Undergrad: 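Take this structure, written in structure tokens, and hold onto it; I'll ask about it next.
Quick note: numbers below take in every heavy atom, side chains included, and nothing from hydrogens, waters or symmetry partners. The structure presented is a predicted model; accordingly, all values stated were derived computationally and were not measured. For ligands, and for the atoms within them, numbers begin at 1 and follow the listed sequence.
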Amino acid sequence: MIEIKKLTKQADNKLILRSIDLSIERGETVAILGPNGAGKSTLLKVLSTIIKPSSGFIKINGLDLKKDYTEIKKMFGYLPHSSLLYDHYSPYENLVFFGKVYGVENPEQRAIELVKEVGLSFFLNEPVKNFSRGMIQRIAIARAIVHYPEILYLDEPHTGLDQGAISILNNVILSMKAKGTTTLMVTHDFKQAAEICDRIIIIKNGKIVDDFRLEERTLNLVTEKYQLQVEGVS
Ligand SMILES: Nc1ncnc2c1ncn2[C@@H]1O[C@H](COP(=O)(O)OP(=O)(O)O)[C@@H](O)[C@H]1O
Ligand SMILES: [Mg+2]
């Protein structure tokens with residue numbers, strides 16, 4: 001589904017990503033862990049076609065990211081740090097707008113369905129600017145999936161959320177997973193990573209330093225491996 005070969009990204013004479021090789025199968029839910037500045041967001045930005053790689057090769061669903069990005073853009077949903085929502089507009093207006101951008105059939109109905117899924121039907125027509133961080137994030141994830149993407153790129157989706165918002169977000173991710181969606185999620189939240197992901201990748205200094213499967217949902221394994229690779233504790 002996602003094939004990354006010898007990917008590097010250089011900016012201002014600094015190597016942010018150093019020869020990343022990574023292969024992700026359809027339907028996998030993968031967490032990317034690593035310290036601040038490791039290059040995690042940069043990797044998602046390259047995959048989301050927001051920034052260009054310096055060298056290397058990326059194939060999504062057999063298509064070349066360099067050439068076929070117009071087609072590839074329809075395949076993924078991206079949730080960055082910022083919500084990408086229009087502050088003065090309601091969830092309904094935002095989702096109808098983004099639905100139309102992506103050519104979703106019946107965007108009005110899709111908007112109502114999504115707002116219901118993230119538990120904010122009561123606020124369907126309230127301007128987003130009055131919302132809490134948790135509410136904004138719920139609408140932001142709805143925006144990211146408005147066009148039924150096959151791939152989800154999530155950048156620290158749990159940061160700053162309360163328990164209620166975390167479980168709603170996790171339910172959305174898990175129900176996308178049940179439909180076969182491939183998810184790549186940057187997080188600092190080991191607990192959420194262990195709960196919803198089946199594979200963990202650790203990035204440090206622009207390189208993948210560990211990559212393992214989580215057969216059982218063990219938080220201890222994640223913590224142990226992270227300490228070994230990043231903090232040098234064994
Ligand atoms: N456009 C840019 N120009 C120069 N340096 C950048 C740019 N974007 C990110 N960086 C640097 O690249 C490194 C990795 O950034 P980032 O991918 O945001 O890390 P992470 O998400 O792992 O915390 C950081 O040192 C950051 O300062
Ligand atoms: Mg980041």
Side-chain angles (χ1 to χ4, degrees), residues 2-24 28-58 60 65-66 69 72-73 76-85 133-134 136-138 140-141 143-145 149 151-161 165-166 169-170 173 182-197 199-212 214 222-233:
I2 304 174
E3 276 305 323
I4 302 174
K5 292 237 166 72
K6 291 202 166 74
L7 169 68
T8 64
K9 175 67 189 177
Q10 190 168 357
D12 300 340
N13 285 330
K14 187 178 180 261
L15 264 179
I16 302 172
L17 297 174
R18 303 160 189 253
S19 198
I20 301 270
D21 284 303
L22 179 62
S23 171
I24 294 171
E28 275 192 297
T29 306
V30 182
I32 305 175
L33 312 181
N36 291 331
K40 307 179 297 297
S41 295
T42 303
L43 177 61
L44 286 199
K45 282 179 198 162
V46 169
L47 288 167
S48 309
T49 71
I50 288 176
I51 58 173
K52 287 200 174 116
S54 303
S55 64
F57 193 76
I58 301 175
I60 308 290
L65 189 81
K66 225 185 253 170
Y69 50 87
I72 288 173
K73 273 186 186 176
F76 66 81
Y78 174 46
L79 180 65
H81 290 239
S82 55
S83 72
L84 304 184
L85 300 171
R133 157 87 187 149
I136 288 172
Q137 190 71 339
R138 289 197 235 171
I141 183 85
R143 184 207 49 80
I145 62 171
I151 304 173
L152 263 182
Y153 300 130
L154 309 173
D155 202 346
E156 298 190 33
H158 299 100
T159 304
L161 299 190
I166 286 178
L169 178 69
N170 286 357
I173 299 169
T182 309
T183 300
L184 204 48
M185 172 177 93
V186 171
T187 185
H188 290 293
D189 194 329
F190 296 178
K191 186 165 173 277
Q192 305 314 323
E195 247 174 68
I196 55 182
C197 296
R199 182 174 165 194
I200 307 280
I201 286 165
I202 301 178
I203 295 189
K204 188 182 170 185
N205 293 329
K207 273 197 197 134
I208 296 178
V209 294
D210 210 344
D211 180 352
F212 56 96
L214 278 179
V222 180
T223 311
E224 223 170 82
K225 295 252 192 187
Y226 190 89
Q227 286 178 341
L228 180 67
Q229 293 297 348
V230 175
E231 291 157 12
V233 182

Undergrad: Are the side chain of Lys9 and the backbone of Lys52 linked by a donor-acceptor contact shorter than 3.5 Å?
TA: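 At least one qualifying donor-acceptor pair exists.
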Undergrad: Using a distance threshold of 4.0 Å (strictly less than), state whether atom 22 (O) of ligand 1 has a protein heavy-atom neighbour.
TA: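 Within 4.0 Å: yes, protein heavy atom nearby.
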Undergrad: With side-chain contact (heavy atoms from CB on, under 4.5 Å) as the test, would you mind laying out the steps for Lys45 and Tyr78 before giving the verdict?
TA: CA-CA 9 Å; Lys45 282 179 198 162; Tyr78 174 46; 3.6 Å; yes
Undergrad: Search all heavy atoms of Ser48 against all heavy atoms of Tyr153 and return the closest pair with its distance.
TA: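 Taking every non-hydrogen atom into account, OG-CD1, 3.5 Å.
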Undergrad: Which is it for Leu169 and Arg138 under the side-chain contact (heavy atoms from CB on, under 4.5 Å) test, yes or no, and what are the steps along the way?
TA: CA-CA 7 Å; Leu169 178 69; Arg138 289 197 235 171; over 6 Å; no
Undergrad: Please check if the side chain of Lys40 supplies one atom and the backbone of Gly34 the other of a donor-acceptor pair under 3.5 Å.
TA: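 The answer is yes, because a donor-acceptor pair under 3.5 Å joins these two groups.
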Undergrad: So, does Gly206 sit close enough to ligand 1 that a heavy atom of it is under 4.0 Å from the ligand?
TA: no
Undergrad: Between Lys40 and ligand 1, does any nitrogen or oxygen pair lie at a separation below 3.5 Å?
TA: yes
Undergrad: For ligand 1, which atoms have a heavy atom of Asp12 less than 4.0 angstrom away?
TA: 3 (N), 4 (C)
Undergrad: Starting from atom 18 (O) of ligand 1, locate the nearest protein heavy atom and write down its residue, its atom name and how far away it is, to 0.1 Å.
TA: Ser41 CB, 3.7 Å
Undergrad: Enumerate the atoms of ligand 1 whose separation from the nearest heavy atom of Ala38 is less than 4.0 angstrom.
TA: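 So the atoms of ligand 1 that pass are 19 (O), 20 (P), 22 (O).
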Undergrad: Does Phe190 have more than 12 heavy atoms from other residues, nucleotides or ligands lying within 6.0 Å of its CZ?
TA: yes
Undergrad: When you measure from atom 27 (O) of ligand 1 to every protein heavy atom, which one gives the shortest distance, and what is it?
TA: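 Of every protein heavy atom, Lys14 NZ, 4.9 Å lies nearest to atom 27 (O) of ligand 1.
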Undergrad: Please list the nearest protein heavy atom to atom 6 (C) of ligand 1 with its residue and the distance rounded to 0.1 Å.
TA: Ile16 CD1, 3.5 Å
Undergrad: Would you mind listing which atoms of ligand 1 come within a distance below 4.0 Å of any non-hydrogen atom of Asn36?
TA: 23 (O)
Undergrad: Looking only at protein heavy atoms, which one is nearest to atom 16 (P) of ligand 1, and how far off is it?
TA: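 That would be Thr42 OG1, 3.6 Å.
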Undergrad: How close do Leu33 and Thr187 get, counting heavy atoms only, and between which atoms?
TA: CD2-O, 3.4 Å
Undergrad: Heavy atom to atom 14 (C) of ligand 1, shortest distance: which of Gly37, Pro35, Ala11 holds it?
TA: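 It is Gly37 that holds the nearest heavy atom.
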Undergrad: For Gly34, state whether at least one heavy atom is located under 4.0 Å from any atom of ligand 1.
TA: no
Undergrad: Under 2.8 Å from the Mg ion (ligand 2), is there any N, O or S atom belonging to Ser41?
TA: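 Within the cut-off used here (under 2.8 Å), Ser41 does place an N, O or S atom near the Mg ion (ligand 2).
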Undergrad: Got a donor-acceptor contact below 3.5 angstrom from the Arg143 side chain to the Gly77 backbone?
TA: no
Undergrad: Considering only protein heavy atoms, which is closest to atom 19 (O) of ligand 1, and at what distance to one decimal place?
TA: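 Sorting protein heavy atoms by distance from atom 19 (O) of ligand 1 puts Gly39 N, 3.3 Å first.
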Undergrad: Looking only at heavy atoms, which two atoms of Leu85 and Ala140 are closest? And how far apart?
TA: CD1-N, 4.0 Å
